A.B. asks: 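Before I ask anything, let me first share the structure, which is written out below as structure tokens.
As the structure is a computational prediction, the values presented were derived from the model and not from experiment. Order of the sequence lines sets the chain letters (A, B, ...), proteins ahead of strands, with each chain counted from 1.
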Amino acid sequence: MAEITYTEEDKQKVLEKLDQKTWKIKDLAKVLRMNKKVVQKIVMDLIEEGKATYWSSGSTTYYATPRYVEEYERKRAEG
Amino acid sequence: MSETPLLDQIPDGPWPSFVKEIRKTAELQEKAIKEGKEIKMPGCAKALLKQLERSYEDKKTHWKHGGIVSVVGYGGGVIGRYSDLGDELPEVHHFHTIRVNMPAGWFYSTKALRQLMDVWEKWGSGLLNMHGSTGDIILLGTRSEYLQPCFEDMMKMDPPFDIGGSGSDLRTPSACMGPALCEFACFDTLDLCYDLTMEYQNELHRPMWPYKFKFKISGCPNDCVAAKARSDFAIIGTWKGDIQIDQEAVKEYAEWMDIEEEVVKLCPTGAISYDAEKKEIKIDNSNCVRCMHCINKMPKALKPGKERGATICIGAKAPCVEGAIIGWVAVPFIPADELKDRVKEIVEPLWDWWDDEGKFRERIGEFIWRKGMGMFLRVIGQEPDVRMIKHPRTNPFMYFEENELRPSKVVEELKKRGVKFKSLEREEEE
């Protein structure tokens, strides 16, 4: 299988979106008009680097930045 | 008077009772507390019985589910359970379930089981279910704050145990015991199950599809894990060629078995004949439908053919309300040594297609029905084949586009002779 490659610019675009809300890969790829597999690869690399994280609703896994998740959880805890 | 008069009636029957087992756990918990042991969920077993009694009284469940419960890096495997009687029964206010990925074929060493039980007694209720309908080990009842340390302790075990699937992800793949315990296995089910589990860790732990997806793997058409009825993607062992017959062993069976009554007459296609004088059987293999009856009855004399592999069936599910939907044949035969690669070549484009175009909570079988078998075959790169059938020997999926049809010489000749065909008349009218 061919190796999936991307540019730094693509990575930055993904990171910016992840800092705005929680995303499913499919939706993120649609919004950015990018290939789903490329977006998946970028998100996985960002997770490895600690710049993105998982967030689970209990039934579905979403992706966001740790900053966004922390803030979101804080707001949820406050009700 | 008992606190649980309705539940008290349940263990009276002759069968093993969950009430009896929960009571035993309650007693063990009380004993452990008296001995000064640290219990993370004290009194939960007793409270669980009280909640159940209330459900019988009120004729409704007092469980709520959902919420964010997971371990770091995982989206599935933990099912949130909360009691709506939390104020009255705080011991079971949180009572989350953890699914633990079982070993392929459900083989354990006692050491592994002891370690797992120790972890669960430390971090949970101590109650569990071996095994759930998905095949996993189901650990029943813990609090949100104990999920992560429980998971971390499971990872420190030797061998470590991982969490299984839940939600809209790849559910924990399961396989029969295969060649480890069964002479009928047509391929190494355990190896394939392990390979798929390791290959698809991301799909297993991070739910992202329209709905759940299950692999189940059976080594022969006996289908001991009910793959064809319970999994979206069933991999079922089969063979090509003739059933192997040992006529000397047939003679041994003839000493004590009525082969005519117990085997020949029960062959669904009448493919077997028995020569009572010579005490030998013959099988018309072209008519064998792999029901396995004769092989199951005479395992010493009959064995599956030598060219072995598996059939892929797609689309089964087992809903309670509408009744089971049986999978249909998508790929009639894959040789055993090609299975690992071919399964991945088929399933990955299928997942992509389903993920892109599937509706929320639409299983892959329902999705294929909606989109059409022709599109499905194009996605998985298979040519139509008469063996791709929904119901055996009734309705093949074979279909043709109009431009693929060749004029029939017989029909043309009959038309010349003035024979009229209703179907052709209708076509002409259209």
Side-chain angles (χ1 to χ4, degrees), chain A residues 1-4 6 11 14-15 17-18 20-79, chain B residues 63-82 94 96-99 144-145 147-148 151 163 165-171 199-213 341 344-345 347-349 351-361:
Chain A
M1 204 179 281
E3 201 192 335
I4 298 166
Y6 56 84
K11 195 173 179 180
V14 170
L15 190 58
K17 286 286 173 199
L18 290 175
Q20 291 167 5
K21 61 176 270 204
T22 54
W23 292 91
K24 286 170 89 171
I25 299 285
K26 186 169 86 171
D27 298 333
L28 191 52
K30 258 187 206 163
V31 163
L32 292 170
R33 297 184 181 191
M34 285 167 69
N35 181 296
K36 202 170 69 183
K37 287 200 168 129
V38 173
V39 175
Q40 171 95 21
K41 168 86 173 125
I42 294 173
V43 172
M44 291 301 136
D45 288 351
L46 286 169
I47 288 171
E48 286 285 311
E49 293 165 21
K51 291 178 184 168
T53 189
Y54 301 105
W55 182 83
S56 171
S57 68
S59 65
T60 307
T61 300
Y62 297 84
Y63 304 86
T65 58
R67 188 206 65 79
Y68 180 84
V69 169
E70 205 175 297
E71 194 182 316
Y72 183 68
E73 285 298 310
R74 188 176 51 76
K75 280 183 188 163
R76 274 169 58 99
E78 287 168 4
Chain B
W63 293 120
K64 300 182 291 180
H65 64 85
I68 309 171
V69 279
S70 59
V71 296
V72 176
Y74 285 54
V78 179
I79 298 107
R81 290 276 184 276
Y82 297 92
H94 290 204
H96 309 316
T97 289
I98 303 177
R99 287 195 181 147
S144 302
E145 59 269 32
L147 291 168
Q148 187 66 28
F151 171 65
I163 282 179
S166 74
S168 299
D169 68 5
L170 171 63
R171 298 302 182 83
E199 179 81 20
Y200 297 124
Q201 282 286 295
N202 191 44
E203 287 76 3
L204 213 163
H205 296 309
R206 278 123 223 162
M208 57 181 90
W209 290 327
Y211 206 13
K212 62 181 109 170
F213 186 94
D341 293 337
K344 288 168 200 164
E345 283 167 17
V347 82
E348 287 173 15
W351 283 340
D352 275 345
W353 181 42
W354 177 47
D355 192 26
D356 284 342
E357 298 182 35
K359 291 179 183 171
F360 180 59
R361 290 176 81 84

A.B. asks: For chain B, which of A/Lys36, A/Met44, A/Gln40, A/Lys30 has the most heavy-atom pairs under 4.5 Å?
C.D. replies: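 Looking at each option in turn, the highest pair count goes to A/Lys36.
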A.B. asks: Test of understanding: with side chain to side chain contact (heavy atoms under 4.5 Å, CB included), list the residues that count as partners of A/Lys11, not counting sequence neighbours.
C.D. replies: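 A/Lys11 satisfies side chain to side chain contact (heavy atoms under 4.5 Å, CB included) with A/Tyr6, A/Glu8, A/Ile42, A/Leu46, A/Glu49 only.
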A.B. asks: Nearest 0.5 angstrom please: B/Arg206 CZ to A/Ile25 CD1, how far?
C.D. replies: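 Here the interatomic distance stands at 11.0 Å.
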A.B. asks: Side chain, backbone, both or neither: which part of B/Asn202 has a heavy atom under 4.5 Å from chain A?
C.D. replies: side chain
A.B. asks: Should we say atom NZ of B/Lys359 is surrounded by more than 12 heavy atoms from elsewhere, each under 6.0 Å from it?
C.D. replies: no
A.B. asks: How about CD on A/Glu70, more than 12 heavy atoms from neighbouring residues, nucleotides or ligands closer than 6.0 Å, or not?
C.D. replies: no
A.B. asks: List in chain and number order the residues that pass side chain to side chain contact (heavy atoms under 4.5 Å, CB included) with A/Glu48, two or more places apart in sequence or in another chain; answer none if no residue qualifies.
C.D. replies: none
